[in-house]
Amino acid sequence: MRYFQKAMRRSHFPISYTGGMSPHMVMSFAAPLGIGITSEGEYMDIGLTRSIEPEEAIHLLNGAMTEGIQISSFCILDESEKSGMALVAAADYLIRFSQESKIPSGWMDRWTDFMAQQVCFVTKETKAEKREINIRPLVYRWSLPRDLTDSDGGHMIFLRTAAGSRNNLKPELVMAAFYRFADIPFTEDDIRVHRLEIYKETMENGRMRLTALDGSKRNWTEESLS
Amino acid sequence: MNGDHFMRKLALSERVLMSVEKPARYIGNELNAVMKDKDDVKVRFVMCFPDVYEIGMSHLGIQILYHMFNEMEDVWCERVYSPWPDLDKIMRRENIPLFALESQDPVRDFDFLGITLQYEMCYTNILQILDLSRIPLFSNERGENDPIVIGGGPCAYNPEPIADFFDLFYIGEGEVMYRKLLDVYESSRENHLTRREFLEKAAAVPGIYVPSLYEVTYHEDGTIEDFSPKKDTVPGRIRKQAVMDLSDAVYPMKPIVPFIRATQDRVVLELQRGCIRGCRFCQAGYIYRPVRERSLETLESFGGKMLANTGYDEITLSSLSSSDYRNLGEIVDFLREDCMEGRINIELPSLRIDAFALRVMEKIQDVHKGSLTFAPEAGTQRMRDVINKGLTEEDILNGAEKAFHSGWNKVKLYFMLGLPTEQNEDVLGIPQLAGKIAELYYQIPKEERQGRCTINTSTSFFIPKPFTPFQWSRMISEEECCEKAGEVREAFRKETRWKNLKYQYHSPDVSVLEGIFARGDRKLSALLLTAYRKGCIFDAWTECFNKAGWDEAIKETGISVSFYNRERRLDEKLPWDFIDIGVTKEHMLREWKKALEGCVTPNCREKCAGCGAAVFGGGVCFEGKN
């Protein structure tokens, strides 16, 4: 948050401030990203003091970015639209195995079996109680893209899971469940997660559709991954 | 933008980064970090703050020198900080050499390793840095390809306890002589001189101390018999270096902005150096004499540029005694009115609490959140006179009263225990004063009060420091420290307003160790090494301080704590006598005698005391003499 606040100031971006005793920038992130996770699909909502063309906004902010972070799109929301965080419904991830992981070759068949299950229970602990939750329905889509491999030639897993305030399924939880299913000891160190996109739900022709948070029709599919 | 710069290869693998706390400490690439091509420069310098990244990044000195070196076309300066114990363990186990942040190259590949010495309890971390870099710990074991290890900063004014580990020390302010030193280095390399030959040439550069070129001998009682150069070309005394025109000196317009939160995470504007007050316990006030101010225009220009180049919205105005900066009101007004549409947060520590200060603070501080800080340092007027801290009880109570009327309800108080000539009534004066302040608050009509008041009192244990009038004083023992703190705590509990009073004190054991090293000699290198080998590092951190390790090390090396913390004889040769800071030993002696009689000395602007700092030809000594 502070990183982007400073970038706003350096670039003299027309960002608006809240009122009251201690004004702060009108800025929020759609879905926080954990340490160690990379991403190419993160979203941030801001308030503006004046209208600005998307190209100008992107150019201004990218002039204040450090290596490795880039603004890729900018769109103005309708007055009626809710903020990013409230809209989040799903997210896409690419998961690969780290060099140190002991995942056996042939894991892909086990994965297919794992995903063929109708139910997959994990224990969710809160202060009040321990609950068993069926996470399988929260995996909206998955694939093992044939033509996509990491730098060591290993295959990756594409996952689309529920995200946001109603239902949130972290990919690490899915992987932990998979390792349990395959009877292999799991540490979070075994996997590297890369977020591809964050989606909201929109009504289109009477059907619920997933659209990227910036409204673009971008929708990761098997074809687009390869 | 470095559009053509491919993402650098990091020294630590993904796996290691993911397994340590705050991996951003070790990846560099921060905004305003300087990237150069190592083949384009003649000298590679790595600056080290021997503590963890967040502490090191808060230090202004490194930002100044980093900027200064990188402005030189033939030099590339990078940074390194102490790996936290979790990474330290991994680096030893997996043989990962310590690396600089910008290039991620091993420290061992550099020409110079500069280590800033801000406090004695970071000394074991110096050995950690050398060890993890695979540089031989002792300077006399280093080869032609090892970096030149140079130390600077306040502790360099008594470098003797760590002299065996350094090739060079730079005494004084870094802005002055580094260009000359690097010129000597470059010409030595061009002429294929050996390491030893270079060091001998370096000794001729003003302000540079080469420990290996001096011989120390001791009397039977352990005090110094003789300290002298081994060669004629090596100076017998070394004068500290001082920047005489601060307004013209280098300053970082583009400070590095860390990704994670540093302890001081804002723009720092240094108003001035030195102090006119002459408080007798304060080493910084003396070693940075004479007071030299930065001009208002310079500060205004710097402030604007630094904010624009970083995107910070917070700025600290820094100096030893900011109330004495003659344009304080103006610089505060400028920052408030002309910077960032007034959305800037200004921190202004080191203020004497008077009507003027309160007016300034009201403008800049959210009165409901902040606390007011007083540093009386001693509980009675007599004791305050001994230490020459001019603050009277009336000043404190008046200041507090005005502040309470303006809406403040939190006060911080700083004191020392163990000061020279301290009596029991001085000790008990501390809770009494705190109690009086709390009482004042409740004398204000209820309607005017904003909730409860909290008075936070903190005591440290007095440590005699070199180059102060108290450098001859004894330091109290660990038992005495515990006793006094216990008395204070008991007395606080008995105060009427005890519910509003909080009290904490520094660790006696760490304080005693600091005392040993502050006035130590070369014999202490064995103690430091032994403690380090027993695993002592990050000694300034409560969670890491290894008392058992230090106790064992003291026992094994036979070092006598009481020898180092004793009162010194007036005719004794002190380990730091060979350094000339301008202020004379005679002046210190006069002040020590006045202290014992409880006499105060006026400040530099009230009446010149002839301390000797005038030898530098500028600053407050010559104000109004044009």
Side-chain angles (χ1 to χ4, degrees), chain A residues 1-27 33-38 40 49 58-71 95-102 150-152 154 172 187-194, chain B residues 1-8 10 12-25 27-33 35 94 102 254-262 265-267 304-315 339-345 365-370:
Chain A
M1 174 87 107
R2 280 190 309 276
Y3 171 87
F4 281 102
Q5 285 171 345
K6 290 186 186 104
M8 292 290 168
R9 288 183 207 112
R10 283 196 305 277
S11 59
H12 302 287
F13 200 85
I15 188 165
S16 61
Y17 283 75
T18 61
M21 288 288 289
S22 33
H24 50 268
M25 285 182 185
V26 176
M27 177 192 281
L33 201 60
I35 277 191
I37 302 182
T38 52
E40 58 190 89
T49 54
I58 294 174
H59 180 74
L60 208 54
L61 278 178
N62 277 336
M65 288 295 112
T66 53
E67 190 188 29
I69 306 184
Q70 284 282 298
I71 310 295
I95 297 150
R96 64 179 170 87
F97 296 98
S98 65
Q99 283 194 324
E100 297 74 30
S101 88
K102 295 184 185 58
D150 63 24
S151 51
D152 299 311
E172 300 91 288
T187 52
E188 293 216 353
D189 216 20
D190 284 5
I191 57 168
R192 301 282 181 253
V193 177
H194 176 74
Chain B
M1 274 294 287
N2 286 330
D4 53 352
H5 231 102
F6 206 67
M7 290 278 304
R8 303 128 64 236
L10 297 176
L12 299 177
S13 69
E14 237 178 9
R15 172 187 53 88
V16 172
L17 283 171
M18 299 278 280
S19 62
V20 296
E21 230 183 83
K22 301 194 188 162
R25 288 168 172 161
I27 61 176
N29 202 34
E30 307 97 317
L31 182 77
N32 296 331
M35 297 301 292
E94 303 187 12
E102 283 77 355
K254 293 181 167 186
I256 304 170
V257 180
F259 286 118
I260 56 180
R261 209 163 205 162
D265 203 18
R266 46 186 79 87
V267 169
K305 289 193 188 122
M306 292 169 82
L307 289 165
N309 288 329
T310 55
Y312 276 119
D313 64 347
E314 292 189 309
I315 190 163
C339 279
M340 294 184 32
E341 299 126 22
R343 281 208 191 91
I344 183 161
N345 216 18
Q365 210 183 51
D366 182 348
V367 148
H368 305 288
K369 286 191 253 169

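Being a predicted model, the structure only gives us computed values, none of them experimental. Every heavy atom of this structure was used, including side-chain atoms; hydrogens, water molecules and symmetry mates were not. Lettering follows sequence order; numbering is per chain, from 1.
In plain terms, the two heavy atoms of B/Asn309 and A/Arg10 that are nearest each other are O-CD, 3.5 Å. Nearest heavy-atom pair across A/Asp189 and B/Met18 is OD1-CB, 4.1 Å.
With contacts defined as side-chain heavy-atom distances shorter than 4.5 Å, the pair B/Glu14/A/Arg192 qualifies. A/Tyr3 places none of its side-chain heavy atoms less than 4.5 Å from the side chain of B/Val257. Within the 4.5 Å cutoff, side-chain heavy atoms of B/Arg8 are placed close to those of A/Glu67. Looking only at side-chain heavy atoms (C-beta outward), A/Lys6 and B/Leu31 stay at 4.5 Å or farther from each other.
Other residues, nucleotides and ligands place no more than 12 heavy atoms under 6.0 Å from the CD atom of A/Gln99.
Here the CD atom belonging to A/Glu100 is positioned 9.5 Å from the OG atom belonging to B/Ser19, to the nearest 0.5 angstrom.
Ion pairing of A/Arg9 with B/Asp313 is present here, as a side-chain N (NZ or NE/NH1/NH2) and a carboxylate O approach within less than 4.0 Å.
With a threshold of 4.5 angstrom between heavy atoms, B/Asn32 does not approach chain A through any atom at all.
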